[in-house]
Structure formats: structure tokens, C-alpha cells
Amino acid sequence: MTPTTASAKATRTKGTTTSASKNQNPLHTPIIAWYEANQRDLPWREPGCPAWHILISEIMLQQTPVVRVLPIWREWVERWPTPADLAQASPADIIRAWGRLGYPRRALRLHAAAQAIVEKHNGEVPSDHAELLALPGIGSYTAAAVASFAFGQRHAVLDTNVRRVFARTVTGIEYPPTAVTAAETKLATELLPEQRAHVWAVAVMELGALVCTARSPKCAECPVSQQCAWRLAGSPPHTGPARKGQAWAGTDRQIRGALMAALRSSKEPLSHPQLVIEVPDSALRDPNQRSRCLSGLIEDGLVEPLPGDHYQLPA
DNA sequence: CATTCGTGGGA
DNA sequence: TTCCCAAGAAT
């Protein structure tokens, strides 16, 4: 079946039909065909990839580019091939193995998830969406992703790529809202095909990652550019509130990152003065901020305080 | 609904 | 160089 331009006019079905049993989604065929021909060869997509390894990839990929995840993921699945293996590891080893992936609390949550899987699910990653959602560090997206990609289930997988593709092709706007809205979830559910929904999910994600990118989308390569509502409207620029860029210089996150980097690279516990040397100048002028960040890291379980004002990664 | 939470590469 | 943002979750 060839996706002809003649179907473009039929694209404007309001989707208000309550049937939804038969999916008439005109995006379906061309996007899946595009995916079959253009998908990246990622290791967690290989047939038979264990659910645990897929789960690890999804946690690592949260807010983190694929190229940066790949080497760390390979190290983790070799070192901790099962949930039980990771559950027994020490936080210090896990935090160091996380390296500079960012958001190191994810590593601790993955550790906690592994322990929960061992204790509550016999060491096997649960396939049930609700049970996945109950695990530490697993939210709406990751639960749907693991259920789909590891177990072939049918769920609306709404990540930043999918949201952007739907915003453009269906809603006709350049960027989706700041936070996931009920309307987006409803739309994603309605667009879900009855068959091979997990392939549809990864296909839309891939399209968003490779073609329908945030900046300078490659519309010439897009399999649905002829029926893209945003494009048909003349690619109008984003009208909503300006999306806030993440501040960085002088923020707690910068200080926390510097403190963690120092502790990761040190085999021995560090004294407070040694720690101060490692943090940026901005924080040197604000002892208040330093102590706040250190306390926060301790509360998060990323740092362990020792007697004598020394600190180390949690043993 | 808005904030916080790392990092580094590309435009 | 500066800015943007990449398979989000927790609060």
C-alpha cells in the first residue's frame, strides 16, 4: 500500500468517532515503513534483549542523548546482567559506574528498583504497567516504554520526541506544551494502532529523534511531511510562552555536580576543605550554598558524611 | 502546574 | 560564544 497524497485530505478526520477500534490513522503506514528502513542499530533494540537491560537503557536515556548512554549501558549490562546483581552492588560502585551521565539520583533509583524487583517480583522485571510504574525512578513514560519494548504490549508512549511529532503533524504547532497534557495523552491513545503498537511507538520516537527534530527539522526526509498539519499551515513559529532555558552557572546543580565529580574521582574520603577546592568560584563566595548542596546530596543518599568533617560516596 | 535535578555537544 | 536541549521523575 502506497501512502498517496490523495489521502492527505482525508487526514483531517476529527477523530471524534468513538469507535477507534479500527485505526484509520494515516500516519501509521508511512511512519512504520520509514522506521523499518531508517532505524538506528541500537543494542537495546536487538531481539531477545533482556527486559532488565531495556529498563537500564530507559533510565539512562532520561534527558540524556543516546551517544552518551551507549558506552555506560554496555558496561552496566556486562557488570550487572540481572537485577539481583545490581541489587547487591554498593552505592559507591554504582555512582562511579554512572560516571558523568548526569542526574546521578537516577543511578540510586535504578539500584532501588533492582532491589524491589528482587524482593517483590522474584528477580524478574514485571511486565505489568502498574507494577513497573510503582518501581523507583519509573514514571509514566518509562513504564509504558518497558511494557512496550520489552514485552510487546500496547501503551501510549509519550516522550519528548513523540510529543513533538504529534504536536506538528496532528495539532499543527511547532512545540508541545511544557508539561504533558491530558489532551496529548488522549491523542496518543487514539492514534495507537491495534496491531504492533510497540513498533508504532518506537517508530514515532525514532522519527522525532532523527527527522522531526526540535531545531531545523528535516522535513524533506519526512515520510509524512505531505500531511503534517504544522507544515501545511506554513510552519508557524512557536507562539506559547518562551521556553525557559535551564540556568546553569552558579546554580546548586553546578555545585552538586562539582562535588560529586570530586568524590567520584577520589579513592579516599575528602575533607571539607578539599571539597571546597573542587567547586566553582561562584560557590566559594557562598558558603551557604556549599553547605546546602552538601546537605542535599547527603539527603539524597549520594554522599555519606564521616566523622571529622569528611565525606565519601556511600559505601 | 511549576521546579529541581547533570552533562556535554551541536547549531 | 552563547544558547538550546536530550527516550523524565519526583515533589
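Values below: all heavy atoms of this structure, side chains included; hydrogens, waters and symmetry mates excluded. Chain A is the first sequence line, chain B the second, and so forth, proteins listed ahead of strands; every chain is numbered from 1. Being a predicted model, the structure only gives us computed values, none of them experimental.
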Q | Span of DNA chain C in contact with chain A (heavy atoms, under 4.0 Å) | A | C:dC4 to C:dA10
Please output the side-chain donor-acceptor pairs of residues 58-68 of chain A that fall under 3.5 Å, not counting sequence neighbours, one pair per line with the distance.
unit_1	atom_1	unit_2	atom_2	d
A:E58	OE1	A:Y141	OH	2.7
A:Q62	NE2	A:G137	O	3.4
A:Q62	NE2	A:T142	OG1	3.0
A:T64	OG1	A:M60	O	3.3
A:T64	OG1	A:Q62	O	2.9
A:T64	OG1	A:R106	NH1	3.0
A:T64	OG1	A:R106	NH2	3.1

Please work out which residues in [range] have a non-hydrogen atom less than 4.0 Å from an atom of DNA chain B and list them by number.
range: residues 256-271 of chain A; value: A:R256, A:G257, A:R264
range: residues 31-41 of chain A; value: none
range: residues 63-78 of chain A; value: A:Q63, A:T64, A:R68

Q: Report the residue (A:G137 or A:E206) whose heavy-atom-nearest nucleotide on DNA chain C is the more 5′ of the two.
A: A:E206
Q. Which sits closer to the 5' end of DNA chain C, A:S57 or A:P136, going by the nucleotide each is nearest to?
A. A:S57
What side-chain donor-acceptor pairs closer than 3.5 Å can you find for residues 298-315 of chain A, not counting sequence neighbours?
unit_1	atom_1	unit_2	atom_2	d
A:D300	OD2	A:R256	NH1	3.1
A:D300	OD2	A:R256	NH2	2.8
A:E304	OE1	A:A315	N	3.0
A:D309	OD1	A:Y311	OH	2.8
A:H310	ND1	A:G308	O	2.9

Which part of the nucleic acid does [X] contact within heavy-atom distance under 4.0 Å: base, sugar-phosphate only, or nothing?
X: A:L42; answer: base
X: A:R105; answer: base
X: A:R163; answer: nothing
X: A:G102; answer: base
X: A:T142; answer: sugar-phosphate
X: A:D252; answer: sugar-phosphate
X: A:L101; answer: base
X: A:A145; answer: nothing

Just the rounded figure in Å: distance from [atom2] of [N] to [atom1] of [X].
X: A:I255; N: B:dT7; atom1: CD1; atom2: P; value: 11 Å
X: A:R253; N: B:dC5; atom1: CZ; atom2: C1'; value: 5 Å
X: A:I95; N: B:dC5; atom1: CD1; atom2: P; value: 16 Å
X: A:R109; N: B:dC5; atom1: CZ; atom2: P; value: 12 Å
X: A:W248; N: B:dC5; atom1: CH2; atom2: P; value: 10 Å
X: A:W98; N: B:dG8; atom1: CH2; atom2: C1'; value: 16 Å

Taking only distance into account, with no hydrogens and no angle test, what donor-acceptor pairs under 3.5 Å do side-chain atoms of residues 270-277 of chain A form with protein atoms, sequence neighbours excluded?
unit_1	atom_1	unit_2	atom_2	d
A:S271	OG	A:Q274	N	3.2
A:S271	OG	A:Q274	OE1	3.2
A:Q274	OE1	A:S271	N	2.7

Q.
Under the rule for salt bridge (charged side-chain N to carboxylate O under 4.0 Å, His left out), what residues qualify as partners of A:R45, not counting sequence neighbours?
A. A:E206
**Q.** With A:R105 via salt bridge (charged side-chain N to carboxylate O under 4.0 Å, His left out) - residues at least two apart
**A.** none
Would you confirm whether [X], through its side chain, and [Y], through its main-chain N or O, come within 3.5 Å as a donor-acceptor pair?
X: A:R96; Y: A:R264; value: yes
X: A:W98; Y: A:G102; value: yes
X: A:N25; Y: A:L27; value: yes

Q) For A:R253, what residues pass the side-chain hydrogen bond (donor to acceptor under 3.5 Å, both in side chains) criterion, not counting sequence neighbours? A) A:Y103, A:Q246
What are the two closest heavy atoms between [X] and [Y], and how far apart are they?
X: A:H155; Y: A:A144; answer: CB-CB, 3.9 Å
X: A:I138; Y: A:A143; answer: CG2-N, 3.5 Å
X: A:H111; Y: A:A87; answer: NE2-O, 3.3 Å
X: A:Q153; Y: A:S127; answer: NE2-O, 2.7 Å
X: A:A107; Y: A:W76; answer: CB-CH2, 4.3 Å
X: A:A84; Y: A:V118; answer: CA-CG2, 3.6 Å

List the atom pairs, donor and acceptor, that lie under 3.5 Å between side-chain atoms in residues 212-219 of chain A and the rest of the protein, sequence neighbours left out.
unit_1	atom_1	unit_2	atom_2	d
A:T213	OG1	A:R215	O	3.1
A:T213	OG1	A:S216	O	3.4

Q) Expressed in whole Å, how much space separates the P atoms belonging to B:dG6 and C:dT11? A) 14 Å
Q.
With rounding to the closest Å, how many angstrom separate the P atoms on B:dC5 and C:dA7?
A. 23 Å
Q) Is there a chain of hydrophobic side chains (I, L, V, M, F, W, Y, each step under 4.5 Å between heavy atoms) that links A:V146 to A:M205? A) no
**Q.** First of A:S216 and A:T251 reached from the 5' end of DNA chain B, by closest nucleotide
**A.** A:T251
Q. Can you check side-chain hydrogen bond (donor to acceptor under 3.5 Å, both in side chains) on A:D159 and A:N161, steps first, answer last?
A. CA-CA 5 Å; A:D159 81 321; A:N161 294 305; 3.0 Å; yes
Protein-nucleotides 1-3 of chain B N/O pairs under 3.5 Å:
none

